[in-house]
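What follows is a short report on a single structure.
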Protein chains: 2
Amino acid sequence: MKTGSQRNAVASESANEAELHGITELAREYGISLRAIRFYEDKGLLAPRRINGGRAYTRRDRVRLGLILRGKAVGMSLAEIEHILSLYGEHGEGRGRQLDYLVGRIDEAMAELASRKRHIEDMLADLAEARAQFKREMAAKRRTKKA
Amino acid sequence: MKTGSQRNAVASESANEAELHGITELAREYGISLRAIRFYEDKGLLAPRRINGGRAYTRRDRVRLGLILRGKAVGMSLAEIEHILSLYGEHGEGRGRQLDYLVGRIDEAMAELASRKRHIEDMLADLAEARAQFKREMAAKRRTKKA
DNA sequence: GCCGGTGGTTACGTTAACGTCAACATATTG
DNA sequence: CAATATGTTGACGTTAACGTAACCACCGGC
């Protein structure tokens, strides 16, 4: 597509969103495959505009993709991620989705993440303990050798 | 199997590990399926003793299962979990696995977890921001209505 | 005018992590 | 003794998340 340049003008468009990016750019920028990006789109997580058949990603799309990858990094499924993304995106869709409902969903999502964070902290503590234990054994071994 | 009771004496066994548990007990205790437990065993994450064909889980096995589930809760794959479990279990296997090597692996695992933790903190921060934003909009709406 | 690069759309393959089901053994209980 | 509970081993099905392959189209260039 070569979004940053030719293949057709698109003219007008209220002059905003100066930088539109092609799928290859996005892929390289985030270090993932084109297939993955298209897959996320199939799953409804991304919805880039189409310019002459090609996908054109805006800054917002990039942010979403970032959130998707971060979500994956913390072990969330694409379904869960979609769920969270819906909390961000255009809360105007469907006209008027109550704000307090949205805040409620966000609280749920935050609670979920907080729980995961606690689990991680537990594991970190366990590992630190095991580490210390091994360290003690190493020290003991050294003393034995020295004797 | 009914591990806690009959079906054969097993006698001796150096009198330790008083409480052996059956697979169903474990499943209920941790709220998972029998199939899952057997699956973890197939994957080498668990290795219960066999008593008359049935699986007998010791306290150690339970601890391992706990670690497995916690690992899953933070989004780790079974392969990653196996990796971490190997840091705990019987570091005598193979005779003499160097302790400093083990400490190294633990450090890696801890770094990995710390990274995940940071990701989660980032998401929490983002969500908190979105939440605050909605709250502000709600306040604005109320003021409008009141006017 | 053909090549390579970029992009697009099916369609099928793959791995992980189990679920589901069948078929069978054993053991306690009514 | 038959029912019921608990256990075992396959074998096959399923869902998620992509990877891979095949094939088509357009654009710029030599």
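The chains referred to below are lettered A, B, ... by the order of the sequence lines, with proteins before strands, and numbering in each begins at 1. Quantities reported herein were computed from a predicted structural model and do not represent experimental measurements.
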Distance check needed: [N] [atom2] versus [X] [atom1], whole Å only.
| X | N | atom1 | atom2 | value |
| --- | --- | --- | --- | --- |
| Asn52(A) | dT9(C) | CG | P | 13 Å |
| Arg28(A) | dG5(C) | CZ | C1' | 11 Å |
| Phe39(B) | dA16(C) | CZ | P | 8 Å |
| Ile32(A) | dG19(D) | CD1 | P | 9 Å |
| Leu34(A) | dG19(D) | CG | P | 10 Å |
| Leu46(A) | dC18(D) | CG | C1' | 15 Å |
| Arg38(A) | dT6(C) | CZ | P | 13 Å |
| Ile23(A) | dT9(C) | CD1 | P | 9 Å |

* Under 3.5 Å side-chain donor-acceptor pair for Glu129(A) and Gln133(A) ->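 Glu129(A) vs Gln133(A): no donor-acceptor pair found between side chains.
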
* May I have all residue pairs that pass side-chain hydrogen bond (donor to acceptor under 3.5 Å, both in side chains) and include part of residues 38-48 of chain A, sequence neighbours excluded? =>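 Of all non-adjacent pairs touching residues 38-48 of chain A, those that pass side-chain hydrogen bond (donor to acceptor under 3.5 Å, both in side chains) are Glu41(A)-Arg55(A).
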
* Any side-chain heavy-atom pair of Leu45(B) and Arg64(B) under 4.5 Å ->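 Side chain of Leu45(B) against side chain of Arg64(B), heavy atoms only: no contact under 4.5 Å found.
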
* **Under 3.5 Å: donor-acceptor pair, side chain of Arg116(B), backbone of Gly75(B)** =>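 Yes.
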
* **Pair listing, salt bridge (Lys or Arg N to Asp or Glu O under 4.0 Å) test, anchored in residues 117-127 of chain A, at least two apart** =>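 Found Lys117(A)-Glu121(B), Glu121(A)-Lys117(B), Asp126(A)-Arg70(B).
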
Establish, with yes or no, whether the OP1 or OP2 oxygen of [N] is under 4.0 angstrom from a side-chain nitrogen or oxygen of [X].
| X | N | value |
| --- | --- | --- |
| Tyr40(A) | dA17(D) | no |
| Ser33(B) | dG19(C) | yes |
| Lys72(A) | dC18(D) | yes |
| Arg35(A) | dT10(C) | no |

* To do: Name the residue closer to the 5' end of DNA chain C, choosing between Ala36(B) and Lys43(B) according to the nucleotide with the nearest heavy atom.
  =>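 The 5'-side residue here is Lys43(B).
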
* NA contact type, Leu78(B), heavy-atom cut-off 4.0 Å: base, sugar-phosphate, or nothing? ->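 It contacts sugar-phosphate atoms only.
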
